[in-house]
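Since the structure comes first, as structure tokens, the remarks are kept for the end.
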There are 2 protein chains.
Amino acid sequence: MKPTVHDIAVHAGVSLATVDRVLNNRPGVRHETRAKVDAAVAALGFVRDMAAANLAKGRVYPLTFILPSNDNSFMRGLAAAVGDAIARAAVERLAIRIIEVPAFDPQALVAALREAGREKPAGIALVAVDAPEVRAVVDELVEAGIPVVTLVSDLPGSKRQHYAGIDNIAAGRTAASLMGRFLGREPGSVAVLAGSLVVRDHRERFEGFRAVMAAEFGHLHLLPVLEGRDDPATAERVLREALAAHADIAGIYSLGAGNRGLVRLLKEVRRDRRPAVIAHELTGTTRAALTDGLIDAVLNQDAGHEVRSAIRVLKASADGQSVVEAQERIRLDIFLRDNLP
Amino acid sequence: MKPTVHDIAVHAGVSLATVDRVLNNRPGVRHETRAKVDAAVAALGFVRDMAAANLAKGRVYPLTFILPSNDNSFMRGLAAAVGDAIARAAVERLAIRIIEVPAFDPQALVAALREAGREKPAGIALVAVDAPEVRAVVDELVEAGIPVVTLVSDLPGSKRQHYAGIDNIAAGRTAASLMGRFLGREPGSVAVLAGSLVVRDHRERFEGFRAVMAAEFGHLHLLPVLEGRDDPATAERVLREALAAHADIAGIYSLGAGNRGLVRLLKEVRRDRRPAVIAHELTGTTRAALTDGLIDAVLNQDAGHEVRSAIRVLKASADGQSVVEAQERIRLDIFLRDNLP
DNA sequence: CTGTTAGCGCTTTCAG
DNA sequence: CTGAAAGCGCTAACAG
């Protein structure tokens with residue numbers, strides 16, 4: 001039978017209360033007593049029953065999610081995933097609160113983090129904006145003992161516990177490999193449509209894409225990055241101009257959002273002259289385009305998985321437990337017409 | 001505050017014991033009483049605290065995994081994943097038992113299922129062999145109230161609760177799409193290396209592959225399937241013969257195991273004459289070959305995810321709970337050199 | 001058929 | 001600094 005606190009108490013010759021104090025590193029226990037308990041724990045191979053502990057404590061995990069109020073399909077999906085988590089909140093002892101902040105606004109994010117921190121939640125998840133002041137507050141929070149994880153967009157160099165998102169450099173490299181393979185040996189130009197290169201994910205994707213294109217597919221010419229601001233209309237306009245200016249565009253890599261504009265444009269292109277197209281995020285638009293043969297591949301991150309992972313990590317971190325590493329690695333999904341979920 | 005059994009008891013004007021009886025559909029409660037309790041549950045929005053219930057019951061979930069004693073990398077990985085689960089068994093209230101059976105042997109599998117069933121576990125997971133007698137025992141077990149899930153290889157038409165594995169037809173289709181794209185417009189032959197077409201996964205992958213090749217890439221010629229018996233030496237031999245017989249082989253789809261033989265052979269081929277190669281399962285061999293540029297893409301299923309999913313589903317099924325559907329869909333991973341984990 | 005009572009393993013007052 | 005006792009939400013005998 002698995003040993004319980006009771007067994008530990010007997011073995012160590014102390015009371016339950018003392019065992020509990022030691023187990024939870026609470027003050028008010030003599031060094032020697034502590035040692036006796038530790039010895040008993042080791043001797044009996046005791047592992048705490050977290051479920052019972054949580055029951056006794058009536059513990060709930062107040063978690064705060066800070067999400068950009070960006071209105072694109074992906075962010076809506078992310079918000080929906082958090083909503084799903086809220087639906088399961090009762091049974092998982094969660095109390096999830098969402099704070100919305102304007103996108104790409106470091107100041108707003110800092111303010112939101114401060115606000116979140118004041119309520120001393122069991123953990124905070126945020127879609128990071130890569131700015132020094134954000135890094136500073138995150139570090140403060142972590143040092144104050146509040147676990148923080150970044151979601152979708154990371155904050156490297158900060159003290160955040162974990163990043164629940166894909167490797168964007170690998171995503172860009174993968175896109176380049178696929179593009180190169182799809183285009184074959186004939187020369188041509190490749191256009192890249194980003195939201196904005198001031199955003200870290202987009203910059204990293206481009207970086208990875210550029211690197212592999214240069215190293216492996218020298219016969220393809222990479223055009224200057226087009227910035228579509230994640231906005232369908234803008235994306236359509238800049239792409240239309242690019243297509244007009246460069247007759248030899250054989251491929252398009254859309255690494256940001258706003259793919260509705262891209263797809264509208266693609267529909268106008270004669271089927272046999274359509275470029276190879278790789279886009280990000282499986283949404284209604286990209287899924288339909290994939291099915292219709294307008295887009296050739298979609299690189300995706302699973303928002304549901306990211307949110308569940310963030311929650312698992314925050315919970316575990318809140319009570320000093322470890323996680324199944326492999327389970328928390330967010331995968332880059334590659335969707336073709338044939339393996340749509 | 002969340003309502004508890006106590007609140008229900010008061011609201012319904014009955015005792016705790018009666019509430020418990022109703023909640024667990026235990027016999028010995030008058031219809032009217034039952035209705036009162038149900039009403040109270042609905043009125044107060046009561047949700048049972050499974051953690052507390054499990055604590056009171058001292059519940060553990062004895063689960064039985066029936067795995068083939070096949071010695072290939074993938075099956076070893078699967079066994080390792082079950083091993084990881086066993087390591088976490090204590091904290092998750094699991095008692096996992098593994099039964100090994102000879103691969104592809106319906107009789108042995110039937111015997112193992114019978115044996116597993118006699119111990120009345122909380123659930124059974126098996127790598128199915130697609131045979132009527134297996135289907136029959138599985139159905140018996142399910143009807144006897146033991147949840148059953150198939151792992152990696154499904155048993156369609158049976159009463160199994162769930163299939164924790166990839167869609168193999170989609171996998172084959174995806175392989176074909178990639179192959180077609182990789183090869184471009186020039187004609188050529190494509191070889192398919194299977195373990196054996198009597199195995200359902202392999203048959204389905206081939207089916208999907210063939211369908212897309214025929215529909216989309218008519219200029220490519222699909223050679224008759226080679227059966228390598230998931231054995232490196234055999235695979236190497238049959239492939240070598242095929243390459244000798246058909247000088248125009250431009251692509252190889254290896255949809256089974258035994259890729260060590262394939263890779264050995266590929267190393268002999270002059271770099272500029274190397275065919276496009278797509279294989280299944282990310283193992284040491286395929287990973288290295290991917291890195292070295294000998295294999296172009298690897299389709300993979302995450303054994304760890306499959307095992308964790310099977311456990312979640314069995315547990316949930318054992319106590320009549322529902323699962324997060326999206327979380328239990330096993331994805332087909334596509335790995336290129338650039339997105340290796 | 002229904003209620004009472006004593007736990008499950010851990011935490012938490014409140015006294016010593 | 002340490003211990004005794006009550007209780008988290010639920011279940012399981014055992015009586016009625």
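These numbers were taken from a predicted model, which means no experiment stands behind them. Quick note on labels: first sequence line is chain A, next is B, and so on, each numbered from 1.
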Q: Sugar-phosphate atoms are those with a prime plus P, OP1 and OP2; base atoms are the rest. Using that split, label each nucleotide of nucleotides 10-16 of chain C B, S or - for protein heavy atoms under 4.0 Å, 5' to 3'.
A: BSB----
Got a sec, which residues hit salt bridge (Lys or Arg N to Asp or Glu O under 4.0 Å) with [X], two or more places apart in sequence or on another chain?
{"X": "A:D333", "answer": "B:R331"}
{"X": "A:E140", "answer": "A:R114"}
{"X": "B:E92", "answer": "B:R88"}
{"X": "A:E143", "answer": "A:K159"}

Q. Roughly how many Å is it from CG in A:D7 to C1' in C:dC8, rounded to a whole number?
A. 13 Å
(Q) For A:P341, give me all partners under side chain to side chain contact (heavy atoms under 4.5 Å, CB included), at least two apart in sequence or on another chain. (A) A:L282, A:R287, A:F335, B:R329
Q.
Could you tell me if the side chain of B:Y163 sits less than 4.5 Å from the side chain of B:I330, heavy atoms only?
A. no
Q. CG of A:L63 to CD1 of A:I96: how many Å apart, nearest 0.5 Å?
A. 5.5 Å
Q) Which pairs pass side-chain hydrogen bond (donor to acceptor under 3.5 Å, both in side chains) with one or both residues in residues 45-67 of chain B, sequence neighbours excluded? A) A:R93-B:D49, B:N24-B:R48, B:N54-B:Y61, B:Y61-B:D319
**Q.** Closest non-hydrogen atom pair, B:A81 against B:V307
**A.** CB-CG2, 3.7 Å
Q. Contact class for A:V14 vs. all strands (heavy atom < 4.0 Å): base, sugar-phosphate, or nothing?
A. sugar-phosphate
Just distance, no hydrogens or angles: give the donor-acceptor pairs under 3.5 Å from side chains in residues 119-133 of chain B, sequence neighbours left out.
from, atom 1, to, atom 2, distance (Å)
B:E119, OE1, B:R97, NH1, 2.6
B:E119, OE2, B:R97, NH1, 2.7
B:D130, OD1, B:R135, NH2, 2.9
B:D130, OD2, B:R200, NH1, 2.3
B:E133, OE2, B:Q107, NE2, 3.1

Q | Check ion pair A:D154-A:R160 (N to O, under 4.0 angstrom) | A | yes
Q) To 10°, what angle do the rotation axes through the five end pairs on each side of the helix from C:dC1-D:dG16 to C:dG16-D:dC1 form? A) 40°
Q) Does any N or O in the side chain of B:E100 come within less than 3.5 Å of the main-chain N or O of B:P68, such that one atom is a donor and the other an acceptor? A) no
Contacts table for residues 29-43 of chain A: side-chain donor-acceptor under 3.5 angstrom, sequence neighbours left out:
from, atom 1, to, atom 2, distance (Å)
A:R34, NH2, A:R26, O, 3.0

Q.
Need two values: the first and the last nucleotide of DNA chain D, 5' to 3', having an atom under 4.0 Å from any heavy-atom of chain A.
A. D:dC1 to D:dG9
(Q) Below 4.0 angstrom, which residues in residues 27-36 of chain A have at least one non-hydrogen atom near DNA chain D? (A) A:G28, A:V29, A:R30, A:T33
